[in-house]
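Worksheet: the structure to be examined is printed underneath.
Lettering of chains follows the sequences in order, A, B, ..., and the numbering in each one begins at 1.
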Amino acid sequence: MSIETNEEFRPKIVAFCCNWCSYAGADLAGSSRLSYPADVKIIRVPCSCRVNPMFILRAFEKGADGVIMCGCHPGDCHYSTGNYYARRRMTLLFSMLDYIGVENGRTRVEWVSAAEGVKFSQTMNEFVEKIHSLGKNVRLEDLRCRS
Amino acid sequence: MKYSYYPGCTLRNKAKDLDEYARASARALGFELEEIEDWQCCGGVYPLGTDEIATKLSSVRALNQAKEKGQDLVTICSACHHVIKRVNDDMKNVEDIRTRANNYMQLDEPYEGETTVLHYLEVLRDKVGFDKLKEKVVNPLTGKKIGAYYGCLLLRPGKIMAFDDPENPTIMEDFIRALGAEPVIYPYRNECCGGYISLKEKEMSQNMCQKIEDSAKGFGADMLITACPLCKYNLNKNASSELPVYYFTELLAEALGVKEEVAK
Amino acid sequence: MRNEHSAAEKIKEISGTNPLKCMKCGKCSATCPSFNEMDIKPHQFVSYVVNEDIEALVNSKSLWKCLSCFACVERCPRDVKPGKLIDAARQLVVREKGGDYLKADEIPELLDPELPQQLLVSAFRRYRR
Amino acid sequence: MQRIGVFVCHCGSNIAATVDVKKVVELAAKEPGVVHAEDYQYMCSEAGQAKIQEAIREKNLTGVVVCSCSPRMHEATFRKAAERAGLNPYMVEIANIREHCSWIHKDMEEATKKAVILARAAIAKVNLNAPLQPGESRVTKRALIIGGGIAGIQTALDIADAGYEVDIVEKTPSIGGRMSQLDKTFPTLDCSACILTPKMVEAAAHEKINIYTYSEVEHVSGFVGDFTVDIRKKARSVNMDKCTGCGVCQEKCPSKKIPNEFNRGLNNRTAIYTPFAQAIPNVPVIDRENCIKFKTGKCGVCSKVCQAGAIDYDQQDEIVTQKYGAIVVATGFDTIKLDKYDEYAYSQSKDVITSLELERIMNAAGPTKGHLERLSDGKAPKELVFIQCVGSRCSDDRGKPYCSKICCMYTAKHAMLIRDKYPDTNVTVFYIDVRTPGKNFDEFYRRAVEQYGVNYIKGQVGKVIPQPDGSLLVQGSDLIDNKQILKKADMVVLATAIEPNPDVRKIATMLTASIDTNNFLTEAHAKLRPVESPTAGIFLSGVCQGPKDIPETVAQAGAAAVKAIGLLAKDKLTTNPCTAKSDELLCNGCSTCANVCPYGAISYEDKEVNDHGIRETRRVAVVNTALCQGCGACTVACPSGAMDLQGFSNRQIIAEVDAICR
């Protein structure tokens, strides 16, 4: 399915990470030198509940091949309840994306605590591998957006 | 209640009584063992190699037959139980083995570990219930002091077999209590009897079996029970034979009053 | 073994265990019922694989003394499971032509009338291709 | 249009070794709004900060992007530097090209490409940044300590000595914690009670310290400087003011068969009890679950014998609500359950015990009055075997992956004390490694070997085998001799792994303090902020943060106290200005945002608005910036898109998304 047939497929992956747990978990992955592919780019948000489904749709529209959202473990949210809202919102969004034909594997929610550098790196490795197996996102990309 | 039943090679030959007592007892307890068709030998030992597929297929066939009937699969021999349970775990949890086994099997619908594998003792504990069993006992084995010999295969690896606490099991002791006898707990009940080693290295097995027997005797047992034909063979053959060794099903049939029925 | 490195890799692959997880506590050897019969002890299996000393390993008596009783597998605190390494080394040998530990012609004299089928089947699978 | 400066840090070779910083400078300079770009060895150094300040002044920068380490590391540093140069600190953003880039990628080209993209995202964000002004909040000059063990007591004393009010909340009937259960302490063999009791008394007598025993924290709200906490004082059934601590009620109580928690269940206590003789307060509690009066309505013996009339069966739980500026967690540890380790026969033999149980057996106030004896038959053991690392350093799912840290030393202590007091008793220790990093620790361990003749065997034990004669056979490895040994023993002591008190998870959730996979509380920084939780205003004291011995616990307790004092000493705190803001023209007054706000920071006002020339009064959302913590839940919930988060606005995040996907 890859459009750029000449080149190796390098997916564009956006990772939203909450400031308190997952972003710190990503930092720990970094300071522990636990590698994952450079295709993953992290955007820091205060809490997973700050992630508006609009941001995820926007990413797909702009050509992202996968979007992952990471937050504190349920019950451990810095703001008590934020990740519960996020979980509900994402469940709805993902089922809607599924309905319109965006494969389930292109989106993911994972809870990563500040102490889980290993889990962060593992999750990213798995996710990138999954996106590789799904190939390029052609369903939602607005081709007019391509630069 | 009907269960798919996998007797295994030895129960068809040298351990016929293990099988027959089990069936008679099942009838007395109100469940039925329906032997699956054209079963093949499980191989006796679980192939540990992660790259072994062919040697696991006979188990998969049995498991799949049970699945098609929508029944749980019951085993009695510890070795069969061990092999089939672990293969089932592979089929459920190890993607590589699942894919390759299904490629071989070419089933209408791929087998993915759906069947529940139960040891006969687990049926007694979890389905019949030891309380219920106790009610059905007509000849309680009062006064008998019985040491349960678990061996390795029923218990280990604990995470996969999920049969009982691998270091301090209670299922056979509870079974013994249900039959009206007194269980004797001794530390060597989950140590190996030597298994297949007795074919070529008899002395090793003798060493181990003697420790088991001495330990059981030391704690006051006057007989041993086991669920494995090979354990029974080794304990009989490779220890001083001061303690008689029985299959658990024989005592079950005796307590339920169906032993004579089998003898006929 | 022609190539010690690739043989070590093969053992790791077949066994699916990572010997580097070992913390050298010796619990496997403490728990092994065949310990006294073994020339290379269960805890040493791990270091032989790590050091890629496979020639010595596959020629050891220990391969044929392991009972597959899984005591070391159950009790290993580091998930290394030496029993699986031993079995993988044994697989390397029996998969080689002529590596069988049990020859067909020696079987008749090992039999006795009470011997259960299960014993032969198990021994066959552990000792032969 | 912003005038943005981009500053790319080499971080020595930490970044520069895998990211071509010159290339990042070159490409960042071409981004819209960028008027200045440069790189430097260490941006966080004084010289590096000076470069940023110089550029702000000379090029009239309105925004700054620093491509460097994690913002969790130096965002504050760079924002302060910018502020000193006259720029609003919230016009500074960080592109994390170290933790999220150079440290995890090896290929230079790939890492450089990613660094450029991360820089672009930050630049795109700064283009939309607006100056923000922090507000102020007050500080309640009172600290709460959760847990009354040595960690909590020490922290409380240090804070109170600095002149601040302190409340200790302790779940059990007395303060003292684990240390009160210990007999002697390493490496000096001091009697534990002798050094702990004075501290307990001092805490109880301190005019600034208020102790709530038999109490639990039930609810926490608020934030740094201004927490509101509900404390449940469980009904003691004894009037604290009337009780004289004479102890007659305990002597006469007919319900005597309750496992004594303080002695680890090795003997029994009564239903009305104080856990130990030196308990503070010296006022018993009635364990209602086991009290005959509470179970059947009959009895009442304690009430009859109490001269002071202190027994009060009708006492109810009481909720105390109190405000605090700082909270210190000092919840300590317990030993793990051994049900998954029955190869050591712990549940099969009374003579296999844990080290903490041995501690009670060795103690004069313990179940055997300090005589070393077998619990099965009361005989003195002649052969004693210690097994190390039971449940520690396990990567399977039975135990804990970490080293419990204290076991090597307390085992040496036990071995030494036993050899000293009972020279006829042989002591063998099976160990994997002997870990003694601490002042006088290795010397202590060597003394056990050299002076006291303790037999250390390198190797783990595989199985403890009870024998028909009541003795035990220990089957273990001797890795030095390459042997499997069978050792006869009369008693086996297991160095059982420690784990954080199981209640800590509940408490961490209430405090929104993060916790790791082993239930240890996480520090704000593993090296540089080891006694603070990432949640502002929450401090960590003792084993709740990680395994440690008494001197380390006391040191950390003092450190946590200093951090708490540093907070309490302030009159005002500046608040995070990244708060939610509602656009009153878009707001339809639906209340959805207020319903998801965890802080009750959103209220509604009838306000006159001018909507494109139409003046009317509407019901609109108003955010109280003192209460808003900036989570952003409301911004997504708002159906009309009126609610946005300053500093993380919709437009800013979308700009980042766009830059990454470009």
Which bit of [X] is near chain A, if near means a heavy-atom gap under 4.5 Å: side chain, backbone, both or neither?
X	answer
D/S221	neither
D/F520	neither
D/A526	neither
D/R98	neither
D/I515	both
D/A121	neither

If you count heavy-atom pairs under 4.5 Å with chain D, which of [options] comes out on top?
options	result
A/K12, A/M54, A/R89, A/R33	A/R33
A/C49, A/A114, A/A59	A/C49
A/I43, A/I13, A/T81	A/I43
A/S48, A/P37, A/S32	A/P37
A/C18, A/P46, A/A115	A/P46
A/C21, A/S113, A/A26	A/A26

Within 6.0 Å of NZ in D/K581, more than 12 heavy atoms from elsewhere: no
More than 12 heavy atoms of other groups within 6.0 Å of A/K119 NZ: yes
By a 4.5 Å heavy-atom criterion (distance strictly below it), what part of [X] contacts chain D: side chain, backbone, both, or neither?
X	value
A/A24	both
A/V14	side chain
A/F16	side chain
A/D76	side chain
A/C72	neither
A/V67	neither

Can you check whether [X] reaches [Y] side chain to side chain, under 4.5 Å on heavy atoms?
X	Y	answer
A/I42	D/N96	no
D/T509	A/S80	no
D/P71	A/Y23	yes
D/E99	A/L28	no
D/H100	A/D27	yes
D/I104	A/L34	no
A/S35	D/W103	no

Ion pair check, A/R44 and D/E93, cut-off under 4.0 Å: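 Not counted as a salt bridge, because no side-chain N and carboxylate O are separated by less than 4.0 Å.
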Side-chain ion pair, A/R10 and D/E110, N-O less than 4.0 Å: yes
A/H78 side chain to D/S514 backbone, donor-acceptor under 3.5 Å: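 Here the side-chain-to-backbone pair does not exist.
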Donor-acceptor contact below 3.5 Å, side chain D/K114 vs main chain A/V40: yes
D/A633 versus A/Y85, closest heavy-atom pair with distance: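 Shortest heavy-atom contact: CB-CD1, 4.3 Å.
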Could you measure the distance from the [atom1] atom of [X] to the [atom2] atom of [Y]? Nearest 0.5 Å is fine.
X	Y	atom1	atom2	answer
A/Y79	D/C597	OH	SG	11.5 Å
D/I654	A/N52	CD1	CG	7.5 Å
A/W20	D/S533	CH2	OG	9.0 Å
D/L118	A/K41	CG	NZ	7.0 Å

What option among [options] has the most heavy-atom pairs under 4.5 Å with chain A?
options	result
D/R505, D/R72, D/K113	D/R72
D/V636, D/T512, D/T517	D/V636
D/D107, D/L511, D/V596	D/V596

Any donor-acceptor N or O pair under 3.5 Å, side chains D/N650, A/R50: yes
